[in-house]
Amino acid sequence: MLHPIDWLVVVLYFAFIVFVGYRTGRGNKGIEDFFLARRSMPWYAIGLSVMATQASAITLVGTTGQGYVDGMRFIQVYLGMPLAIVILCVTLVPFFYRAKVFTAYEFLEKRFDGKTRSLTSFLFLMGRGLADAVVIYAPSVILAIVFGIDEKVIIIAIGLGATIYTTLGGMRAVMWVEMWQMLIIFLGILFCLGSVIVGLPDGVSLTDAIQIAGATGRAETMDFNLDPTVTYTFWTGICGGIFLMLSYFGTDQSQVQRYLTARSLKESRLALLFSALVKIPMQFVILLTGALLFVFYQFEKPPVVFNPVALERLAQARDVSQLEADYDEAFEIRKEAAQNFADALGGTREDEMRRSFLQADAVFSGVRSEVLGLIRESEPGFSDTNYVFPTFVLTKLPVGIVGLILVAIFAAAMSTVESELTSLSTATVVDFYQRYVRREAEDSHFLAVSRVATLFWGGFATFCALYMGRLGSAIEAVNRIGSNFYGPILGVFVLAIGARRANGHGAFAGVLLGIVAVQLTARYSEISYLYYNLVGTVVSVVLGYIISLVFASPERSV
Amino acid sequence: MDKESDLPPPIFKTWGRFYAVVIANTLVTYLLLVLFSAYAR
């Protein structure tokens, strides 16, 4: 289904990435080279690498889909990020940098004891090990269905492609590659936004399009609702989001390792502050692209369901011709209503046209919901949100640009995978192999072990991704539990730098009790998931501190 | 660690001022998002 020119763009991308990886990754002599690029990286490379790590393919594909289906309210997740980064720059980052550690968890042994370090590192490996498989698998399924490429080919291209140059070149190669990948992602995002705006019909300007999206609530970026069960509000973004971002940027090895590669503390701080300043505008552009896609599809008929395979299965199982006819009719009525609304904007009939447009949109959405409901009878939980954007790219964009966007999706997936691989192998080698198996050896020995660890995690993630269809629910369950570890782990770091009387016993118990608290909160309460890290952090700090006092013993302090 | 290497970019003079600028920028971003929502409503 892809044009040869698009294939050429994809091949050129892979050739370029391998070339950059090879050029920049030569000369690794020990693990400080391999895992921390000899602490020599400049802030702009680290900043872009931090952003690339966070931006997975699902971020790119799913967030635009989210903008289309649900609107721009998702941006509130990131509201706390700049504030969290400032807090980290003042607190944890200097501690990590001055302690000259390889992993965030190594710092905990310096402050507490070996068991706290091993527990937190183990939780990281558990959480991230399988997450890596999801990062590879999720976009592969979508790209396979929409672009008609074999799913296994995509999984192997992303998984093994990233594994090969990460194993050969180590952190320096990964970070320079990620810098380019992030620039490609930026370029892809801007092309998408431009393409959607250009694709709007004559007579519908960008401001008209924003008003049309806004009429359906899709341009709502701020919601000051105080209800804690509403997932995306200003308050969940500020209160929960700060803790989510503190946990992610302060305790997740895949992020900490990036700023540990800086040639100075100043470069670490600049890198993080740069990513903090760029993140919200970037997410805004991605979500706006999704919301404008919704407007674009007011005037161009969208498929009734964006996942063509699911629709085909439904059509084979039952007669949907009446529903399709209803859908076509509802689309034509809505198209006319949208055009009338656009024409009436700023005039005396604006309110009247808005009402008739919203009525037409409700009828159209009703027919679509009916079809989605039929699919969900055989596939519970089915959603086509992630298919909206790739479908638009393939069917509406010109040759060459399709290749560029596909490359941006590949870049987003691979940049996250390679970051996870470096952090997983670092935690494995530094926190376990060097700690428990062999403390002293030649640099060449540890370098070889590090490469084997990287190869192992890359192979493991790719293997799990290949068999995700069969292992899906189990892996997803472990992944979901893994995401609940961050808050309690953040709590241990708070104890480490903020409570002089905290000790190893308290910190260790605090993490475990924090995890239990998060699990119970997730199970028995309705509060937004963004608050889970807040709950985990508070419980692990309070209980960890109390237990430290109970088991008080002379401890080292920082 | 080299003391010089921990100085902020000269324009800010201290890290505190740099952080203040980042926080102010964040607050302006919030305001812009509120205005965007209000405009599109």
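Convention: sequence-line order gives letters A, B, ...; per-chain numbering from 1. Every value quoted in this text rests on a predicted model; they were computed, and no experiment measured them. All values below were derived from every heavy atom in this structure, side-chain atoms included, with hydrogens, water molecules and symmetry-related copies excluded.
- Side chains of A:T221 and B:S37: a donor-acceptor N/O pair is present below 3.5 angstrom, by distance only.
- Of the atoms belonging to A:L83, it is side-chain heavy atoms, and not backbone ones, that fall under 4.5 Å from chain B.
- The six-membered or imidazole ring of A:F107 lies near that of A:F96, with a centre-to-centre distance under 6.0 Å.
- Checking A:R39 against A:Y97 by side-chain atom types alone, no donor-acceptor pair falls below 3.5 Å.
- For a residue to count as touching a neighbouring chain, one of its non-hydrogen atoms must lie under 4.5 Å from one of that chain's; by this rule A:M72 touches chain B with the side chain only.
- Interface remark: A:L345 contributes no atoms to any contact with chain B (heavy atom separation under 4.5 Å).
- Both the backbone and the side chain of B:Y39 come within less than 4.5 Å of a heavy atom of chain A.
- With ring centers used as reference points, A:F284 lies under 6.0 Å from B:F36.
- Checking A:R38 against A:S40 by side-chain atom types alone, no donor-acceptor pair falls below 3.5 Å.
- Here A:F249 and A:Y259 keep their ring centres 6.0 angstrom or further from each other.
- The contact between A:L288 and chain B is made entirely by side chain atoms (from C-beta outward), counting heavy-atom distances below 4.5 Å.
- With chain B as partner, the option from A:I280, A:I210, A:I75, A:I212 having the largest number of non-hydrogen pairs under 4.5 angstrom is A:I210.
- The greatest number of non-hydrogen atom pairs below 4.5 Å with chain B, out of A:R354, A:Q76, A:R269, is found for A:R269.
- Looking at A:T207, both its backbone and its side chain come within 4.5 Å of chain B, counting heavy atoms on both sides.
- Counting heavy-atom pairs under 4.5 Å between each of A:C89, A:G217, A:P94, A:A215 and chain B puts A:C89 at the top.
- Using bins of under 30°, 30° to 60° and over 60° for the plane-to-plane angle, the ring pair B:F18/B:W15 lands in the parallel bin.
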